[in-house]
Amino acid sequence: MSFSIQNSLGREILISFLKDRFGDNTTIDKFDALTELYNEVNSCINISAIRQIDDIYIKHYLDSIYPYEYFSGTCCDVGCGGGFPSLPLSIVTGKHFDAVESVGKKLTLIKRANSELKLSNIFPIHSRAEELISRGNSYDTVTARAVADLGKTLKYCAPLTKQGGKIVLFKTQNDEQVNNEILVRFEIKTQNAFDYTLPGTDIKRRLFVFIKS
C-alpha cells in the first residue's frame, strides 16, 4: 500500500464507518487494493474525474455504500460507469450485482477487480438498459447514481425491477421529489426519500427509494 493511501483522511473516515456499521473493518484491505487498481486504470482510461486519494475513499466508496441496507436480493446498477455504486456495494454486502454500462471501456475496472481482487458477485454487462429490458431481465433491487433526472432514470430502472422490488437512486439535495404522474406511469410508489450528510464530511446527499407495484 502506498504512503499516500496509508495516510489518507478519507481512508480513516471509511474505516470508522465500516467499524460502526459492520463491527469490523476487514474489507478495508479490498478497498485499498481497489484504490491502487483504480488509479492504474484511471490513468489510462478516464473512468472518473475523481483522482485525489481522500476523494476516492469518500466520494466513490463511502458515498456508494452508505445506503447499503436498502439493497437486497439480486441487484442491477444501471449506467454504472467505472463501477459505482456497484463495486463498493458488492464488497460490503456480498449481493449479486449486474453492472450495466453502454461504454465498454468504462467496465475495465470491474473486469480487473474481478480477476485481481477475486470478486465473484459482480458481473460487468456491456449493454444499454433498453436491451436488458427487451430481454426481460428483472431484479430485486435496481440502482443508479447520478445518471440523469429522476423521470428519465425511472424510465430505465422501473422496467428492470421485479414486482415488489426496490429502486434506489443516489441524487443530490438539488433534486426535487418526483411528481405523481411519473409514479403512476411506471407503477411505482415512494417508500422513502431523505437527505443525509456523509459521516465525517460536509458532503450532502439525497436518496430516493421506490417500490415497484
Is it true that Leu34 and Ile58 fall in one hydrophobic cluster, defined by side-chain heavy atoms closer than 4.5 Å?
yes
Just jot down the salt bridge (Lys or Arg N to Asp or Glu O under 4.0 Å) partners of Arg128, sequence neighbours excluded, or say none.
Glu130
Verify, without hydrogens or angle tests, whether [X] (side chain) and [Y] (backbone) share a donor-acceptor contact under 3.5 angstrom.
X	Y	value
Gln173	Arg205	yes
Asp54	Leu9	yes
Thr190	Asn192	no

Less than 3.5 Å apart, any donor N or O on the side chain of [X] or [Y] sitting next to an acceptor on the other?
X	Y	result
Asp140	Ser72	no
Asn179	Arg185	no
Tyr57	Asp63	no

So does [X] have more than 12 non-hydrogen atoms from other groups sitting under 6.0 Å from [atom1]?
X	atom1	result
Lys105	NZ	no
Glu116	CD	yes
Glu187	CD	no

Who are the ring-ring contact (aromatic ring centres under 6.0 Å, His included) partners of Phe31, not counting sequence neighbours?
Tyr61
Would you please name every residue forming a ring-ring contact (aromatic ring centres under 6.0 Å, His included) with Tyr38, sequence neighbours left out?
His60
Applying salt bridge (charged side-chain N to carboxylate O under 4.0 Å, His left out) as the test, list every pair that has at least one member in residues 40-49; sequence neighbours left out.
Glu40-Arg112
Mind listing the side-chain donor-acceptor pairs of residues 151-161 below 3.5 Å, one per line with the distance, residues two or more places apart or on another chain?
residue : atom : partner : partner atom : Å
Thr153  : OG1  : Ala148  : O            : 3.1
Thr153  : OG1  : Asp149  : O            : 2.8
Thr161  : OG1  : Cys157  : O            : 2.8

Got a list of side-chain donor-acceptor pairs under 3.5 Å for residues 84-93, not counting sequence neighbours?
residue : atom : partner : partner atom : Å
Ser86   : OG   : Asp77   : OD2          : 2.8
Ser90   : OG   : Ser86   : O            : 3.3
Ser90   : OG   : Leu87   : O            : 2.7
Thr93   : OG1  : Leu89   : O            : 2.7
Thr93   : OG1  : Lys95   : N            : 3.1

Whether Tyr68 and Phe17 hold their rings parallel, tilted or perpendicular, with breakpoints at 30° and 60°:
perpendicular
Check ion pair Asp32-Arg11 (N to O, under 4.0 angstrom)
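Yes, charged N to carboxylate O under 4.0 Å.
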Begin with the C-alpha distance, continue with both residues' side-chain angles, and end with the deciding distance and a verdict on ring pair (Phe, Tyr, Trp, His ring centres under 6.0 Å) for Tyr196 and Tyr66.
CA-CA 10 Å; Tyr196 57 96; Tyr66 183 84; 4.4 Å; yes
